[in-house]
Amino acid sequence: QGQLVESGGGSVQAGGSLRLSCVASTYNNRQLAWFRQAPGKEREVVAAIYAGITYYADSVKGRFTISQDDAKNTVLLQMDSLKPEDTAIYYCAAAVGWRDGNWYIAATYKYWGQGTQVTVSS
């Protein structure tokens, strides 16, 4: 229950694009999010979505887009105009219900994927 499986990471040059996917075994009434963690840094939120309502960290606004494919129980993260500072392990996370006020807090999310590496070279 609550299994999340990410895919789509890889290596790209600065300015390039990648798309991450996360398939959720339990999808309904879930707030889904992407977090990332770079070496030596704390895990930070990237974006979240609940029933079409989206949230973004300031550092990715205008470059990343989070969306849902309800037919496939999937949350997507389209990452454009990538920068070297976007390099990190990206994690998919899920919380039960809508967590509007604390969407950016890692402890809000009960279920986590195994992570996928994104590397952006300059």
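Here the structure is a predicted model, which means the values were calculated and not measured. Excluded from the calculations below are hydrogen atoms, water molecules and symmetry mates; all remaining heavy atoms, backbone and side chain alike, are included. Throughout, residue positions are numbered sequentially from 1 according to the sequence presented.
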Between Lys83 and Asp86, does any NZ, NE, NH1 or NH2 come within less than 4.0 Å of an OD or OE carboxylate oxygen? no
Would a 4.5 Å heavy-atom cut-off, applied to side chains only, mark [X] and [Y] as touching?
X	Y	value
Ile66	Leu76	no
Gln78	Phe64	no
Met79	Leu20	yes
Ile89	Arg36	no
Trp112	Arg43	yes

Taking only residues at least two apart or on different chains, which pairs with a member in residues 12-96 satisfy disulfide bond (SG atoms under 2.5 Å apart)? Cys22-Cys92
I'd like to know if the side chain of [X] reaches the main chain of [Y], judged simply by a donor and an acceptor atom lying under 3.5 Å from each other, with no hydrogens or angles considered.
X	Y	result
Ser17	Asp80	no
Glu6	Gln114	yes
Thr119	Ser11	no

Measure from the ring center of Phe35 to the ring center of Tyr109 and say whether it is less than 6.0 Å. yes
Does Tyr90 have its ring centroid less than 6.0 Å away from the ring centroid of Trp34? no
Kindly give the heavy-atom pair with the smallest separation between Ser81 and Arg63, and that separation in Å. O-NH1, 2.9 Å
To check you understand the geometry: which heavy-atom pair defines the closest contact between Thr87 and Val120, and what is its length? OG1-N, 2.9 Å
On the six-membered ring of Trp98, is Arg30 placed so that its NZ or CZ lies under 6.0 angstrom from the centre and within 45° of the ring axis? no
